[in-house]
Structure formats: C-alpha cells, structure tokens
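The figures here come from the full heavy-atom set of this structure, side chains too, leaving out hydrogens, waters and symmetry mates. Letters A, B, ... are given to chains in the order of the sequence lines, protein chains preceding strands, and every chain is numbered from 1.
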Amino acid sequence: MLEAILTLSGLAILASFGLGLAAKFFAVKVDPRVEKIEEILPGANCGGCGAAGCSDFAKGVVEGKYAANACPVGGPSCAAKIAEILGEEVRASEPRVAIVLCAGDEDQCGNRFDYNGIYDCNAADLIQGGFKACTYGCLGLGSCARACPFDAIVITDKRLAVIDRDKCVGCGKCVPVCPRKLITLVPVSRKTHILCSSHDPGAEVRKKCKVGCIACKKCEKTVNGEGISINNFLAVMDYSKDLDGFALETVCPTHTIQRVDQPALQESEKTA
Amino acid sequence: MIKRAHGFPGGVHPDYHKELTAGLALEVPPLFERYVVPVAQHIGSPAKVIVDKGAQVFKGTVLAEPSGFVSVPMHSPTSGTVKSVKNLPHPWGPSMLAVEITADGEDTPDPELPRLNHETASIDELRDFIRQAGIVGMGGAAFPTHVKLSPPKEKPIDVLILNGAECEPYLTADHRLMVESPEKVIAGAGILAKILKVKRICIGVEDNKPDALSALEKAAAGQADMDVYSLHVTYPQGAEKQLIYAILGREVPAGGLPMDVGVVVQNVGTASAVWDAVANGIPLIERITTITGRGIGRPGNLVLRIGTLVEDVVRWRGGISDDTIKVVNGGPMMGMAMSGLDVPVLKGSSGLLFLERDEVEQYHHYPCIRCGRCVDICPMKLMPCIISYYTENEMFDEVESLNVTDCIECGSCAYVCPSSRILVHHMKMGKAEVIVRRRKKAVS
C-alpha cells in the first residue's frame with residue numbers, strides 16, 4: 001500500500017516538475033493586449049474585417065495590420081476601447097449597412113422563363129443569364145441570405161432580397177456572393193437610395209420593370225449635378241454627400257428612388 | 001469495307017425518335033425579310049463588327065472580323081442593308097451584340113469574295129482560307145476549326161477522325177448530309193488531312209444509319225487509308241473522346257485534348273463546309289438544321305442561312321401546336337432550352353426541338369440514394385453523385401480534386417438518376433466555380 005502511494009506521488013512530483021520547466025522554457029510570448037482586445041470583440045467570427053476570425057483580428061490589430069475601427073460589428077464603442085488599449089487616438093468611423101440596389105420584385109419585374117434548377121442565385125445566373133426579365137435585377141433565390149452570418153437578409157415572398165437594417169452590421173459578407181453585384185455598403189445615416197442597377201436603355205427598362213431607372217436625369221437636375229451622376233443609363237449616387245434633404249423620392253417618376261428607413265419591412269412581408 | 005468499331009465504357013440508350021425526320025430530304029426555305037447575325041456564335045472571343053448602320057452588303061460580305069486567334073469572322077447571309085447593330089435576343093442568353101440585316105430579295109453574291117485554288121495552295125493558305133470563311137465545328141460546340149487545324153509541333157497528329165455519329169436523339173442533320181452529299185464530306189476530309197499532314201482518315205457513323213454508311217463507303221471507295229467505321233448506338237458516342245476510344249482504342253488523358261493522343265476530330269458537317277469554302281469560295285453562311293418534335297407543324301431537315309430567325313422558320317413550317325411548351329436549341333440531351341422564338345439560327349444550331357406538354361416532365365428532385373448508377377454510366381468515368389453533393393455544400397476544393405472540369409455535360413447521369421437530381425446543373429456550377437478559382441490563383 002505504502003509503496004504504491006510513494007511511487008505514484010513520486011511520479012506526480014516528477015511530472016509536475018517537468019511541466020513547470022516546460023511552461024517556463026517553451027512559453028510563447030503573447031502580447032497581453034491581444035487577449036484584452038479579444039475580450040472586447042463581439043466574438044461573431046464573421047470575417048467582416050478581413051481577418052479569419054476575432055482572435056486573428058485581435059492579433060492583427062496589435063501588429064498594425066488592421067485599423068482599430070475595422071471591426072464592423074463592434075461599432076464605434078468597440079473601436080474606442082481598442083484604441084484605448086493600443087494607446088491610439090480614436091478615429092470616428094460611421095457604421096455602414098448593406099443595401100440591395102434593386103426594387104424589382106415579382107410584381108414589378110416578370111420572368112423570361114420558368115426555372116427548375118438549383119435554388120441558388122449563382123447557379124440560376126448560369127442558365128441563359130438568369131430567369132428574370134431584367135438581367136441586372138435580384139434573382140431572389142437567397143444566396144446572400146444564406147451567406148449572412150447575422151440573419152439580416154430576408155427574401156420577401158415576392159422574391160426580392162431586402163436587408164433588415166436592425167440586424168445588419170455591415171460586415172460585407174453578402175457583397176461578393178451576389179452574382180449581379182447588387183449589394184453595396186453605405187453609411188447608416190443615408191436614407192435615400194437609387195434602387196436599381198440596370199444599365200439597359202430607358203425604353204428597355206420600361207418594358208421589363210416598373211421600378212427601374214430610366215435615366216431621365218430628373219434627380220440629377222434636382223441636386224444640381226452634385227451627388228448623382230448618370231452613368232451608362234443609370235443614376236448613381238455618391239454617398240459621400242448627404243442628399244436626404246432633397247426629397248428625391250418625390251421627384252423620381254418611376255419610384256426607383258426610395259427612402260429606406262427602419263422599419264423597412266412590414267411584418268407580413270417577412271418570410272421565415 | 002465498313003469496319004466495326006469497339007464501344008466505350010458507360011453511356012445510355014435514350015429513345016432516339018429519329019424516325020420523325022430521318023427519311024426527309026433536305027429542303028431550302030425561301031428568303032426571309034430579316035436576318036440577325038450575332039457576333040458571338042462560337043467558343044472564343046466574339047468577332048468585331050466592321051459594318052455601319054445603313055451599309056449595303058452582299059451575300060457573303062464580311063460583317064465582323066475575328067478579334068483574336070480563337071475567333072472567326074461573320075458573313076452576311078444574303079444581300080441587303082444593315083438595319084442596325086445593337087444588342088438583340090440570342091439563344092444563349094438574354095441579348096448580345098448582333099448585326100441586323102434587311103434582305104433586298106435579290107440574294108446577290110459578293111463580287112469580291114476571295115477565291116483559292118485548293119490544289120496549288122499551300123497548307124498555311126488553306127488554313128487561313130478556312131478561317132476567313134468563318135468555319136467552326138458544326139456538331140454543336142462551334143469551336144473554331146482553324147485552331148484545331150493548328151496543333152503545336154510537339155504533338156504530331158497521325159489520324160483524322162470524321163464524326164458522323166450524331167448520337168443526340170431527334171437530330172438527323174448530319175445523317176441527311178452524309179446520305180445526300182457524301183462526296184463533299186469525303187473531299188472536305190481530304191483537305192483537312194492535307195492541312196494536318198495525316199495519312200489515315202477514319203469516319204465514324206452509328207449503325208442506326210445504314211444508308212449513310214453505305215453512301216460514305218461508296219464515295220470513299222478507291223481511297224486508300226480511308227476507313228468507314230460503324231459504331232454502336234450508344235449515347236454519347238459522338239463525343240470526341242468517346243469516339244476516339246471506340247475507333248482507335250486510345251484514351252485521351254484527363255484534362256487533355258485529342259491532339260495529346262495524335263488525333264484531330266472534325267464533324268462531317270465541318271468537312272462539307274470546308275469543301276464549300278475552299279473549292280467553291282462560299283463562306284459559312286448556311287447550315288443544315290433539323291426542325292423536329294411533335295410540336296412543329298412540318299418537321300424536316302432544312303438548309304438554313306445562319307441568322308435566320310426561328311420565328312420565321314416556325315411560320316414557314318406550319319407553326320407550333322398550342323401544347324408546345326419547350327423549345328430546345330440542339331438535341332434533347334445537351335441542347336439548351338430557349339426563352340423565346342425571336343432568336344437567330346447560329347453556326348452551331350444542329351437542331352430545333354419543339355416539345356409538347358406531355359413530353360416535358362417538370363421533375364421534383366430528391367436526395368441522392370447512393371445507388372451509383374451515374375458512376376456506372378458516366379462516359380468520362382467521373383462520380384457525378386459525389387461531385388453533386390460537394391457542389392451543393394460549396395466544397396469546391398473537393399469538387400476540383402474529382403476532376404469536374406473533365407465533365408462533357410452529356411447529361412447521361414441526370415438521365416439515369418432515379419432521384420431525378422439536377423446533376424448536370426451541379427456539374428456546370430462546379431465547373432464554373434473551379435475555373436473562376438483557378439483564374440484567381442493564376443492572377444495572384
């Protein structure tokens with residue numbers, strides 16, 4: 001009995017001694033700031049900052065690879081805390097939010113043919129350039145919604161992707177997924193948007209979609225050419241200028257320009 | 001003597017339905033009022049338009065010039081004026097740049113069409129002439145012929161195979177060509193063999209076309225080194241790699257081309273077009289297209305000008321039935337459904353298929369039950385079922401490691417799948433994604 005106790009405790013002492021030595025000699029030096037920053041980060045691991053995850057971002061931010069305000073999910077408060085830890089000055093960054101630049105749901109823009117293939121926008125886009133009449137419009141098969149880590153994109157029952165501005169953190173995961181490049185990130189304070197991405201000439205757009213931009217230039221004239229430019233049959237907004245005061249949504253004859261404000265979605269429009 | 005070819009592993013036996021048009025002689029339609037010639041009708045870079053709106057053109061006038069090596073010119077199908085140069089509906093997608101021509105009804109040939117003495121011309125002159133005639137593979141893929149005729153020096157070619165298999169159900173365009181003008185096919189093959197400097201020519205025809213086999217045999221009689229092979233009736237016997245395996249027993253390596261095993265394969269229609277070009281100076285402005293299916297009033301094998309609008313052809317052939325719900329450009333296995341009839345006939349349009357409601361099934365797809373039938377029949381020896389679920393789950397590294405880019409999209413896997421899975425679409429998507437990734441990797 002005694003022998004067994006002695007042997008085992010002897011082994012235990014030896015092993016703990018070894019472990020203690022190993023911890024001392026093989027220790028990996030970790031910047032204490034990395035751990036602190038990691039605690040502050042939201043831990044969503046969305047990859048919106050460009051890093052592989054939150055710990056990768058924490059490491060990168062200490063090494064100077066990312067800016068302190070690069071985490072889109074944490075927002076300004078998170079950025080301020082990180083900057084404090086790093087001893088930097090806080091740079092203000094306006095949080096951004098995604099927007100789908102298309103308003104052509106099934107009621108507004110018809111289909112060219114029946115599609116019976118894979119339920120994915122990228123797959124549908126391979127077949128004859130997509131089933132939708134408009135070759136620039138939202139296909140509504142939800143590839144962006146599936147890519148969103150925050151469940152912030154809903155596909156309405158009329159097959160249009162709409163961003164839930166309450167949930168969207170502006171991580172930008174949905175942007176590269178869309179085969180038609182309809183999603184962009186805009187400053188959260190901007191409420192007026194041109195919801196069309198079609199470069200078809202006005203007459204073509206009229207045939208295909210009720211809410212498409214026909215490049216009539218009314219909006220461009222209203223803002224005196226500053227902030228909106230007509231580029232290849234499409235009005236494009238410069239988000240660095242605040243145009244919310246112009247009431248452009250009342251100017252646009254096709255209702256392409258809309259005020260997108262929360263709550264953007266009626267509860268009845270949401271589908272599970 | 002007709003030789004018997006071996007088969008190839010895999011393949012399926014769909015209903016062929018060739019009886020609808022196999023016995024119908026070629027017919028030439030009257031001139032229509034309007035023709036639309038798109039600049040993209042072939043694999044490679046689209047041609048560059050060189051005519052302006054309002055220009056006077058003749059039959060055979062060059063409308064668009066090649067824009068690179070893998071590109072061919074487009075010619076005017078008839079004489080008339082250029083009505084517009086703009087984006088117009090295209091069978092491959094919503095719309096593409098095209099030259100619209102209003103015919104003047106005279107059909108005057110261009111007086112300045114280049115001519116060539118094919119007996120004295122050098123190999124380079126012949127090859128260049130074929131390119132200037134706008135000739136592409138007439139089997140359906142429309143790959144520029146001159147590219148196939150320019151194999152690199154390190155890959156010697158010893159056999160030319162003429163593809164007359166026509167394994168797609170419903171289509172009989174090549175069949176009628178071989179029966180009615182076998183001498184053109186043989187003469188064209190002679191020109192192709194001269195350019196490639198090959199001695200041996202093999203012509204493969206599926207044995208459900210005995211009249212074509214005997215016509216070709218008669219036309220080829222007395223020519224040493226020219227063999228006519230009768231092939232088993234198996235889909236896809238007309239695919240390049242399967243044809244090479246069946247006739248020569250050579251296997252093209254994964255990711256390789258027929259020239260890797262010393263072979264060039266050309267369609268019989270291409271051979272005939274080559275002969276028309278070099279001997280008669282006629283550029284590629286017409287092709288044989290099978291108009292078939294229960295939906296069309298009068299099916300037939302038509303010699304159509306390239307650029308003829310499908311709606312004009314339909315009107316001439318007695319219209320379509322009310323029950324017609326699907327129009328396919330090409331055959332039922334590999335053809336693409338079209339979204340409208342306002343599209344033109346292209347250089348690669350081997351058939352137009354009008355299907356009625358009860359012939360078109362709207363499948364409901366179920367999960368894979370791992371029966372392995374698609375693996376058994378895949379003529380490229382791939383595993384469509386596995387690739388399909390990797391694609392579904394967006395695991396594209398695995399998709400690439402399973403050689404998805406070797407898929408020829410023949411549709412045999414989807415044809416046998418008991419769960420009606422959309423396998424070809426999955427393969428297409430996997431291929432597209434893998435190619436995009438490779439390009440990205442090459443850039444970075």
message: Determine whether a donor-acceptor pair (N or O, by modelled atom type, separation under 3.5 Å) exists between the side chain of A:Gln128 and the backbone of B:Met338.
response: no
field: Separation between OG of B:Ser339 and CG of A:Asn111, rounded to the nearest 0.5 Å
entry: 11.0 Å
- request: Supply the atom-to-atom distance A:Asn116 CG to B:Ile422 CD1, rounded to the nearest 0.5 angstrom.
  value: 7.0 Å
Using a 6.0 Å cut-off, check whether atom [atom1] of [X] has over 12 heavy atoms from anything other than its own residue.
| X | atom1 | value |
| --- | --- | --- |
| A:Lys59 | NZ | no |
| B:Arg437 | CZ | yes |
| B:Tyr390 | OH | no |
| A:Lys217 | NZ | no |
| B:Asp322 | CG | no |

message: Is A:Asp114 in contact with chain B via its backbone, its side chain, both, or neither, using a 4.5 Å heavy-atom distance?
response: neither
- prompt: Counting heavy-atom pairs under 4.5 Å to chain B, which of A:Asn122, A:Ile127, A:Asp125 comes out on top?
  reply: A:Ile127
query: Can you name the nearest heavy-atom pair linking A:Gly129 to B:Pro94, along with the distance?
result: CA-CD, 4.1 Å
Option in B:Glu394, B:Met429, B:His425 with maximal non-hydrogen atom pairs under 4.5 Å from chain A: B:His425
- request: Measure distances from B:His364 to the heavy atoms of chain A and classify the residue's part below 4.5 Å as side chain, backbone, both or neither.
  value: neither
